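These numbers were taken from a predicted model, which means no experiment stands behind them.
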Amino acid sequence: MGEWAYVKLEENVAKRNGMPMQIPVPKEEFEGLADKGLDGARVRKWIGEFMKEVSGSWRQQNNELASRYDAFLAKGMHWDKAQKAFQKGDSEGAIKALKMIARVDKDDAAARMNLAMALAASGQYPEALETFKAIEDVAKGDPDYHVAKGNVEMALQQTDDAINDFADALEAKPDCKPAMDGLVSLGVLMRIYEDPKDATSLTYVKRDSVLDFFEQLWGSSEHDLAYYLEQISYHELEKRWEVVIAAADHALSLSDGNQDRAAAAKVAALRALKRDDATDQAKKYLEAHPDSVPMLVELAQCAGAYGAEGKALLDQALELDPGDQIALTLRYWPETGEELQPLLAALPDLQAFAEAHASCAGAWRSVGRAMLRLGKDDEALEIFRKAIALAPDDDDLRSEFWSELGRLQKWEDILKDAESVEDITKHSWQLRWGEAEAYAGVGKKVEARAAFAAINQDESLLIDIRRRAKRAAERALGSES
């Protein structure tokens, strides 16, 4: 016989890996074992060679271990079948092979783990859960096991059990992201960014502790108005109204800058929460800032925008800013903008208002939007061109125009208009996105990918925008290949 060394595994470790507790290793390979580790194929090769060399008397003296080695070798071909089935996407074939392994070696928890996951992937949740439970004594404490089992319990709507398994996974591995994502799906945790422009600031917070978390974060250092306005915008997108209110309060406590945006955001959040004090907060702010258009619009909505009091407040707002899009929509569009006949009936009054404020780009923009809703595309685009001529530096207006051109696949028109924009890299991401889509639309894939990549690399933008840009750049690459 060759020279052999033996590696002894703790019982649960052996079962988790589907291996015998004692493994023969050729002495020449023993020293490098710590670096290379044990994998099924190498262990099978060593045991096969070892069993060819042992004598009949060794088998008699080590009957239990010999039987364990025979079982380990016998299931090798079934492991190969399972692996090939997985590679082909053949779930049923993999399940069949793994069930055979489980019959050949009842102590192979690795096979049962894979079987349970294959059953779950094919939607056989009750059987998958039963299989997971069969190896619980062995697999307990393995984060992958608890996450996989928790996902099955979640699919079976066994919420409490799923929460417990995800918690067990986190106890074993505190940074286990799949477990945290599972708890997000169950509403226990929320996925948040401390800084919505920094991907590395992603963290998980208990749903009922989000406000406390941000209060502590904001209190840890001083911040300016721009910081809190950014926080307000981020939490508005996520509809975290209590956090919006708190961020607005911090912004309003500062003495510098125009606080209209923060004050209006607070009232809007109070309205979203159906809080009775929304109206009082709006009136109080207007007493000190009577020319605040955003707050006049908010108070109009508190009062009922389509009633007499609301209309009067909107008229007051439009006297100050005839181009405010929210005020124009509430004042001149019908209450339900989805029905075309009421919108058609309302259009003459909106057009009359625009004509009375002929130099206001925002008024014409609202007319253009109404035309688009009514399906008058050509007329709408001409009105947008008129508005852009009045406000050539309004990126938001131009990007909406480009978006509509893109909807109509008028890609060349976008690129032609883009020639009039000086150094587009210094303009809004929406405008840059429109140009990138136009490049893709005319088949200029290299230019499209470069434009999307530039948006992705712009660290001044929110993470979600940059991720969207990265995916768009990858799609441009794929369409070229």
Euclidean distance, [Y] [atom2] relative to [X] [atom1], rounded to 0.5 Å:
{"X": "D394", "Y": "H427", "atom1": "CG", "atom2": "NE2", "answer": "11.5 Å"}
{"X": "R261", "Y": "L225", "atom1": "CZ", "atom2": "CG", "answer": "10.5 Å"}
{"X": "S185", "Y": "M154", "atom1": "OG", "atom2": "CE", "answer": "4.5 Å"}
{"X": "W402", "Y": "L431", "atom1": "CH2", "atom2": "CG", "answer": "4.0 Å"}

Using only atom types and a distance under 3.5 Å, with no angle test, would you say the side chain of [X] pairs donor to acceptor with the backbone of [Y]?
{"X": "H146", "Y": "G141", "result": "yes"}
{"X": "R16", "Y": "E11", "result": "no"}
{"X": "K445", "Y": "A440", "result": "yes"}

Looking only at side chains, do [X] and [Y] share a donor and an acceptor under 3.5 Å apart?
{"X": "N62", "Y": "Y69", "value": "no"}
{"X": "Q259", "Y": "H289", "value": "no"}
{"X": "Q325", "Y": "R369", "value": "yes"}
{"X": "S366", "Y": "W333", "value": "yes"}

Does any non-hydrogen side-chain atom of [Y] lie less than 4.5 Å from one of [X]?
{"X": "D260", "Y": "Y285", "value": "yes"}
{"X": "F132", "Y": "M117", "value": "yes"}
{"X": "Y227", "Y": "W218", "value": "yes"}
{"X": "R207", "Y": "V188", "value": "no"}

Would you mind checking if D181 and R191 are paired as a salt bridge, meaning a charged N to carboxylate O distance below 4.0 Å?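 Answer for the salt bridge query: yes.
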Does the distance from a Lys or Arg side-chain N to an Asp or Glu carboxylate O, for D108 and K75, drop under 4.0 Å? yes
Can you see whether F384 has R365 sitting over its ring - NZ or CZ less than 6.0 Å from the centre and within 45° of the normal?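 No, R365 and F384 do not form such a contact.
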Charged tip of R240 within 45° of Y234 ring normal and under 6.0 Å: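 Output yes; distance and angle both within limits.
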Steps toward salt bridge (charged side-chain N to carboxylate O under 4.0 Å, His left out) verdict (K266, D249): CA-CA 8 Å; K266 178 179 179 179; D249 282 337; 2.7 Å; yes
Applying side chain to side chain donor-acceptor pair (under 3.5 Å), run through E437 and W433 and close with a yes or a no. CA-CA 6 Å; E437 286 191 326; W433 192 286; 3.2 Å; yes
Apply side chain to side chain donor-acceptor pair (under 3.5 Å) to residues Y145 and D168 and explain how you reach the verdict. CA-CA 10 Å; Y145 166 79; D168 286 342; over 6 Å; no
